[in-house]
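Quick note: residue numbers are just sequence positions, from 1.
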Amino acid sequence: MTENQTDDRPLAGIRVLDLTRALAGPYATLLLAGLGAEVIKLEDPVGGDLARENSPYLGKDGVTVGRSDPDDVSFSHLTRSRGKSGITLDLKHEAAGEVFADLVRGCDVVVENFTAGTAARLGVDHDTVREINPRVVYLSLSGFGQDARAGSKAMDVLVQALSGVMYTSGEPGEPPVRLGIPVADMLAPVFGVIGVLAALERRHRTGTGDWVDVSMLGALTSFVAIENWGAMAAAGMEARTGRTVHRLSPFGVFECKDGWVAVVAVHDKLATGLFAAMGAPELGADPRFATRDARVAHAVELEARIEDWSRTCTLAEALDALEARGVPAAPVRTPEEALTDPDTLRRRESVPVVHPVHGPSDLHTAGIPITFTEAATGFDDVLPLHLGEHNEQVYRDLLGYDDDRLRELRDRGVI
């Protein structure tokens, strides 16, 4: 292990069979690995996880757009496969079922993110797994849920479009805005892990596992539904306001001479502080801005006044003026600025990207954003650099296959 002297992580002793690929499924198993579970990542012997071919790559020559050396590894694979052992198994092969069953017998959790109907066609579906090991918690992550039409495919941008989230950002009358991070691909696995943990706790009482079914569309739509868009429309509020939120005005992002500042002044005391920072304390007595409801009703006028002021300031000047009067404010940072924040690094919410051959880089990726007072988080010092990297370790040491059995599986193309 690279981050823990002793394995006192919460999920130590839990073994996960990871059938996933791309992002949503691998992120779920990454979280489980970071919480201490032993994750066995199963890939097809030909090609493996699609993320292995995602540009850019990291290798001896640094960051490259294309792969030019055998040790060049996709950043996607480097970040999503941390802490996982990697094996190969051709699930379409007639002899794969027996090997898969042996793996399932020794696992607590199975995670898959195939399109609807694919797991059943491959013989790795929940019913098959439950027959082999009734104690297994089986997590299915998909675009639209396990009751969707077979073959239904989903990508993050499609789910963002269907969920309505694209119309929660941007200006009125402007085109829909795709969120810059794959939010559906990231949100569904978080709910999936919550479901797995709940099912494991239930297993303590019942002795049996469960089938956890999470859809990307359902996860993202549930977040969109937190705001009551229908009520805002009925009240005559413009819900789609771009950089600001009118129903909480002043609340949003304003332009400065050399950047952007985020400001929150939703309550009277905060609004008074904001007006003082602007050098316009008289706005607090203006009937249009004197109360919270009045500020919401005149949000457009108020926000224009705020930006008239902020544009005369540098970002540092605006922050100093606001913070001196107790008004919550923050600079709008670039992603790399945020990832290298000293507190974020100290808490290991962001961690360096580490190449298994060439070591740490000066680039950063996601850590585990959960801290405990007694337990630890972090990833085992293992990554399947090459396809089937840990075949012998898993098939020999875990399943007890001897040399003849391993040779037979290789010769037949099963692994």
K.L.:
If we count only N and O atoms by modelled type, under 3.5 Å, do the side chains of Ser140 and Ser142 hold a donor and an acceptor together?
P.N.:
no
K.L.:
Any luck finding a side-chain donor-acceptor pair between Tyr401 and Asp102 under 3.5 Å?
P.N.:
yes
K.L.:
Under a plain distance cut-off of 3.5 Å, with no hydrogens placed, do Ser249 and Glu303 share a side-chain donor-acceptor pair?
P.N.:
yes
K.L.:
Can you sort out the partners of His358 under ring-ring contact (aromatic ring centres under 6.0 Å, His included), two or more places apart, ordered by chain and number?
P.N.:
His355
K.L.:
Flag the pair Phe372 / Thr377 as yes when at least one side-chain heavy-atom distance between them is below 4.5 Å, and no otherwise.
P.N.:
yes
K.L.:
Under 30°, 30 to 60°, or over 60°: which ring-plane class applies to Phe191 and Phe223, parallel, tilted or perpendicular?
P.N.:
perpendicular
K.L.:
Establish, from distance only, whether the side-chain atoms of Thr29 and Lys84 form a donor-acceptor pair under 3.5 Å.
P.N.:
yes
K.L.:
Test Arg80 against every option in Thr365, Leu383, Asn54 by the side-chain contact (heavy atoms from CB on, under 4.5 Å) rule and name the one that passes.
P.N.:
Asn54
K.L.:
Can you tell me if CZ on Arg405 sees more than 12 non-hydrogen neighbours from other groups inside 6.0 Å?
P.N.:
yes
K.L.:
Got a donor-acceptor contact below 3.5 angstrom from the Arg295 side chain to the Phe289 backbone?
P.N.:
yes
K.L.:
Do Asn391 and Thr88 have side-chain atoms, one donor and one acceptor, less than 3.5 Å apart?
P.N.:
yes
K.L.:
Answer yes or no: is there a side-chain heavy-atom contact under 4.5 Å between Thr312 and Glu317?
P.N.:
no
K.L.:
Taking everything shown except Arg21 itself, do over 12 heavy atoms lie less than 6.0 Å from its CZ?
P.N.:
no
